[in-house]
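Please read the structure below before turning to the comments.
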Amino acid sequence: MSARENLTLSMSGFGATRATRRVILDWFEFLGGRPGEVVYVDGGSDRASMSRLVALVQEGLIDRLELLNPAHFENDFHRCYIQEYRSGLLASNACVMFVKPDTLPFRVGHDSWLEEDLRTLDKPNVFAITLGHLIAPPLGANEGYLSHDFASLNFSLMKRESFMQAMRGEIGAFIDSNFRAEFPAHIRCEEKYRRALIEWAWQSHCKRHGLVTLSRPESREWTIFHLNKSGGNLLSLRDRYRARDGVELFFDKPFALYRPPDVGLKKLGKSIENAVRRVRKGGQ
């Protein structure tokens with residue numbers, strides 16, 4: 001079995017759009033072909049989104065789809081970690097690649113990247129391969145990778161066994177309560193960021209066990225960018241992203257969201273708006 005055939009692409013989200021199919025195909029292209037399994041866990045979207053996802057199952061782009069009654073307890077912006085957990089739980093292959101439906105990959109060359117990253121995951125101190133846009137700058141370099149202690153659900157490649165160990169070790173009791181118990185006390189973050197529980201649990205697991213996460217340095221030939229857009233807005237940005245428009249501004253930057261430079265009338269409008277602001281500020 002090839003590395004790709006033994007891989008589950010695990011996605012979770014809310015509100016599938018006409019861009020969702022295109023994003024899935026971009027990840028297939030990035031992988032060099034369809035992975036062995038595609039899992040999608042939806043967080044309680046409306047009927048139109050559900051219909052789009054069902055159509056992707058019927059087309060053969062999604063293998064395992066989990067839908068949620070919009071009235072269910074789990075359909076809550078602040079409890080999206082439940083869908084994120086389930087997207088890994090439902091994976092049946094040995095390796096899992098978590099991605100979000102508003103994150104886009106791009107590569108030229110690097111044809112053996114997956115095999116190389118999976119060999120790196122065999123090292124006992126490596127928890128995951130992630131992207132460079134995290135909550136802090138890298139801690140250093142590590143044999144051609146950048147080193148971190150945090151992994152992002154926007155893109156993270158890991159062994160399913162490692163995922164389950166982290167979940168059971170860090171939030172097992174919370175899971176067993178069907179996520180109805182008190183939020184795990186040892187996960188220390190602002191309340192508004194509790195929705196990122198899975199990522200905090202991964203970080204806690206890494207710190208507890210002396211593990212690292214790694215990211216490949218970005219270049220014009222290799223990027224994985226979070227756009228935080230959907231539908232037509234995402235597709236419009238995708239065109240400029242794939243044309244490599246302004247990508248250098250975002251290489252390996254913490255919290256970076258790809259926003260290419262303004263052009264045409266939009267650029268002119270921004271210039272006028274900024275000029276008006278300067279005049280008003282000078283008059284105060």
Side-chain angles (χ1 to χ4, degrees), residues 1-77 79-107 113-114 152-160 163-164 178-179 198 224-239 241-242:
M1 183 181 292
S2 70
R4 181 160 41 83
E5 290 170 333
N6 199 29
L7 176 72
T8 295
L9 176 65
S10 287
M11 305 180 76
S12 61
F14 179 89
T17 70
R18 60 191 178 93
T20 304
R21 179 181 184 275
R22 183 67 263 170
V23 172
I24 292 174
L25 290 174
D26 281 352
W27 281 105
F28 287 6
E29 177 188 71
F30 188 72
L31 283 165
R34 193 190 193 285
E37 180 181 50
V38 181
V39 169
Y40 197 107
V41 178
D42 180 70
S45 297
D46 60 18
R47 182 174 296 180
S49 292
M50 290 185 181
S51 295
R52 288 190 181 98
L53 293 171
V54 170
L56 294 176
V57 174
Q58 294 171 336
E59 187 180 351
L61 299 184
I62 295 175
D63 297 300
R64 191 183 303 273
L65 172 64
E66 182 170 279
L67 299 174
L68 186 70
N69 183 334
H72 196 281
F73 160 83
E74 294 178 10
N75 181 15
D76 185 283
F77 175 79
R79 288 191 286 269
C80 63
Y81 48 75
I82 303 176
Q83 286 81 52
E84 292 163 351
Y85 164 71
R86 291 193 60 78
S87 73
L89 179 68
L90 294 176
S92 62
N93 285 323
C95 295
V96 185
M97 192 171 82
F98 294 92
V99 304
K100 283 292 187 176
D102 59 356
T103 299
L104 296 179
F106 181 91
R107 68 176 175 89
W113 76 269
L114 181 59
S152 171
L153 279 158
N154 291 322
F155 168 76
S156 278
L157 174 69
M158 65 185 67
K159 295 182 178 181
R160 187 179 185 277
F163 168 73
M164 294 305 299
N178 292 320
F179 298 96
I198 303 304
I224 301 174
F225 279 6
H226 181 210
L227 275 67
N228 196 32
K229 293 290 184 180
S230 63
N233 290 331
L234 188 151
L235 292 174
S236 177
L237 282 174
R238 174 186 176 273
D239 291 341
Y241 171 70
R242 290 178 68 87

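Values below: all heavy atoms of this structure, side chains included; hydrogens, waters and symmetry mates excluded.
In this structure, L65 and L56 have side chains that are not in contact, with every pair of non-hydrogen atoms separated by 4.5 Å or more. Between I82 and F179 there is a side-chain heavy-atom pair separated by less than 4.5 Å. By the 4.5 Å heavy-atom criterion applied to side chains, D102 and H226 are counted as neighbours. In this structure, the side chains of L61 and V38 stay at 4.5 Å or more apart for every pair of heavy atoms. Looking at R238 and V23, their side chains never come closer than 4.5 Å, going by heavy atoms from C-beta outward. Counting heavy atoms from C-beta outward, M97 and L114 have side chains that stay 4.5 Å or more apart. For the pair D63/R34, a side-chain contact is recorded, criterion being any heavy-atom separation below 4.5 Å from C-beta on.
Under a 3.5 Å cut-off, the side chain of R160 and the backbone N or O of L89 do form a donor-acceptor pair. Looking only at distances, a side-chain donor or acceptor of T20 sits under 3.5 Å from a matching main-chain atom of T17. Remark: side-chain polar atoms of S10 are paired, donor with acceptor, to backbone N or O of S87 under 3.5 angstrom. Between the side chain of S49 and the main chain of A16, a donor-acceptor pair closer than 3.5 Å is present.
In this structure, L25 CG and E59 CD are separated by 7.0 Å, a value rounded to the nearest 0.5 Å. Atom OG of S12 sits about 8.5 Å away from atom CZ of F98, to the nearest 0.5 Å. Atom OH of residue Y81 and atom CD1 of residue I198 lie 9.0 Å apart, to the nearest 0.5 angstrom. A distance of 11.0 Å separates CD in Q83 from CG in L90, rounded to the nearest 0.5 Å. In this structure, CZ in R21 is found 11.0 Å from CG in D26, a value given to the nearest 0.5 Å.
Between K100 and E84 there is a salt bridge, since at least one side-chain N of the basic residue sits less than 4.0 Å from a carboxylate O of the acidic one. Between R52 and D42, no side-chain nitrogen of the basic residue sits less than 4.0 Å from a carboxylate oxygen of the acidic one, so the salt-bridge criterion is not met.
Residues that satisfy the side chain to side chain donor-acceptor pair (under 3.5 Å) test with T8, not counting sequence neighbours, are E37, N93.
If you run side chain to side chain contact (heavy atoms under 4.5 Å, CB included) between L104 and each of N154, V99, L227, I224, only L227 comes through.
Between L9 and P35, the shortest heavy-atom contact is CB-CG, 3.9 Å. Minimum interatomic distance between F73 and N178 (heavy atoms only, all atoms of both residues): CE2-O, 4.1 Å. In terms of heavy atoms, R107 sits closest to E29 at NH2-O, 3.8 Å. The two residues P70 and S45 make their nearest non-hydrogen contact at CG-O, 3.5 Å.
Within the structure, every pair that satisfies the side-chain hydrogen bond (donor to acceptor under 3.5 Å, both in side chains) test and touches residues 64-76, not counting sequence neighbours, is listed here: E66-R86. Sorted by first and then second residue, the ring pair (Phe, Tyr, Trp, His ring centres under 6.0 Å) pairs with a member in residues 10-52 read W27-F30, W27-F155, F30-W113, F30-W222; sequence neighbours excluded.
Side chains of S236 and N233: no donor on one and acceptor on the other come within 3.5 Å.
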